[in-house]
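All ligand and atom numbering here is 1-based and tracks the order in the structure. Starting from 1, each residue takes its place in the sequence as its number.
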Amino acid sequence: MILNKSGQNSKPLNLLFIGDIVGSYGRAIAKQVLPEIRKEYAIDFTIANGENSAHGYSITEKIYLDLMDNGIDAITMGNHLWEKKEIIPKIAVFEKMARPANFPPGVPGKDHLIIDFAGLKIGVLNLLGRVFMQCMDCPFQAAEKLIPKIREQTKIIIVDFHAEATSEKCAMGYFLDGKASAVIGTHTHVMTADERILAGGTAFIADVGMVGAQDSIIGMSKEQILKRFITQMPEKFEPVDTGPGLFNALFLKIDTQSGKALEVKRIFRVVEPLFPEKEEGKK
Ligand SMILES: [Fe+2]
Ligand SMILES: [Fe+2]
């Protein structure tokens, strides 16, 4: 609990941000690892990127509810958002899911979240990059428009910048330094080692990584992706559901009054294969 006896926030907020959860294996890994991480870091609030949670592409209502049942408090998305078209008519149901804010105006879904938690308000913003990505509205302008609106209610703001280019992500970190508690890169599924707190108090990492099969190419089948690179022919990509499990996340300690980051730490954990019977089948 964050509130003290006088109802004021006295203790920093311990927040966990989990990288792109890939497929059922990623969900199973998260389910297994989360209780232990939560205990180890005394986590108060958990956010996860769910853009690959439904067999590598987007999310479904069932998976959204399952992630919520497993202690995830908010979900961000990315370029795979609409690949399960079934979510389009019911996206309003996904109350704690932020979709990228820089889609064209009028697109369904929440362009930011403000979640009430233990007497605090936690703002969540998801943005898509434009370098080596599909055409989008400007993420910097979207941030410039929405961050002041969120700051009217809270200084605790977590930004998931879902982008390919590290330079674009670094630029967003500096752009929002002092305006957000953290700018966290997602999308490449490969964790970078550049986590730090910028001069204005914003925690930053270019990419937090993923949760999924380690023996894979960004969570997907090595064979399928290799075939595509080698032949340049169309190929279906499917998530891997065997072998060691990779859990990548970022731990943040945030001052609840100022919204500034006090601590940032990468979590890179590899667990034993989850389903031994499937490992037998691989031989
Ligand atoms: Fe992803
Ligand atoms: Fe992505």
Side-chain angles (χ1 to χ4, degrees), residues 16-30 46-60 63-64 67 72 74-85 87-88 91 94 97-103 107 109 111 124-137 139 142-143 158-172 183-192 205-222 224-225 228-229 235-241 245-250 266-268:
L16 186 72
F17 188 99
I18 304 170
D20 303 32
I21 297 175
V22 184
S24 59
Y25 206 50
R27 301 195 316 267
I29 296 162
T46 304
I47 306 173
N49 184 294
E51 73 140 6
N52 306 108
S53 57
H55 206 60
Y57 302 93
S58 188
I59 195 166
T60 63
I63 291 170
Y64 168 84
L67 292 173
I72 289 167
I75 291 174
T76 52
M77 294 295 285
N79 54 305
H80 292 297
L81 172 65
W82 301 125
E83 283 167 26
K84 292 281 178 288
K85 290 195 187 75
I87 70 167
I88 298 173
I91 199 160
F94 300 69
M97 187 179 94
R99 57 125 172 107
N102 53 326
F103 272 109
V107 165
D111 64 5
V124 179
L125 183 62
N126 186 198
L127 298 163
L128 268 176
R130 294 192 295 185
V131 179
F132 309 128
M133 304 279 286
Q134 68 200 99
C135 184
M136 279 291 144
D137 289 353
I158 308 300
V159 178
D160 170 353
F161 189 29
H162 196 83
E164 182 74 35
T166 47
S167 57
E168 193 181 17
K169 293 193 256 194
C170 290
M172 185 63 80
V183 173
I184 300 168
T186 59
H187 176 68
T188 70
H189 295 200
V190 177
M191 180 177 256
T192 55
I205 189 167
D207 207 294
V208 66
M210 70 164 190
V211 181
Q214 189 182 40
D215 192 15
S216 70
I217 297 175
I218 63 170
M220 310 302 263
S221 154
K222 307 187 290 266
Q224 291 167 339
I225 293 194
R228 166 89 168 264
F229 274 119
E235 188 63 39
K236 192 180 172 196
F237 299 153
E238 285 175 297
V240 178
D241 60 0
L246 177 64
F247 180 90
N248 289 160
L250 196 69
R266 274 183 290 134
I267 299 173
F268 188 105

To check you understand the geometry: which heavy-atom pair defines the closest contact between Ala143 and Leu125, and what is its length? CA-CD2, 4.3 Å
State, to 0.1 Å, how close Met97 and Tyr64 come at their nearest heavy-atom pair, and which atoms those are. CB-CE1, 4.0 Å
Could you tell me the angle subtended at the Fe ion (ligand 1) by OD1 of Asn52 and OD2 of Asp20, rounded to 10°? 100°
Among Asn79, Asn126, Thr76, Thr188, which residue meets the side-chain hydrogen bond (donor to acceptor under 3.5 Å, both in side chains) test with His162? Asn79
Restricting to N/O/S, name the atom of Glu51 that gets closest to the Fe ion (ligand 1). OE2
What are the two closest non-hydrogen atoms of Ala163 and Asp207, and how far apart are they? O-OD2, 4.5 Å
Determine whether the side chains of His189 and Asn52 contain a donor N or O and an acceptor N or O closer than 3.5 Å. yes
Please state whether the separation between the Fe ion (ligand 2) and some N/O/S atom of His80 is under 2.8 Å? no
Closer than 2.8 Å to the Fe ion (ligand 1), do we get an N, O or S atom from His189, backbone or side chain? yes
By atom name, which N, O or S atom of His187 is the nearest to the Fe ion (ligand 2)? ND1
Between Asn79 atom OD1 and His162 atom NE2, the angle centred on the Fe ion (ligand 2) rounds (to 10°) to 90°
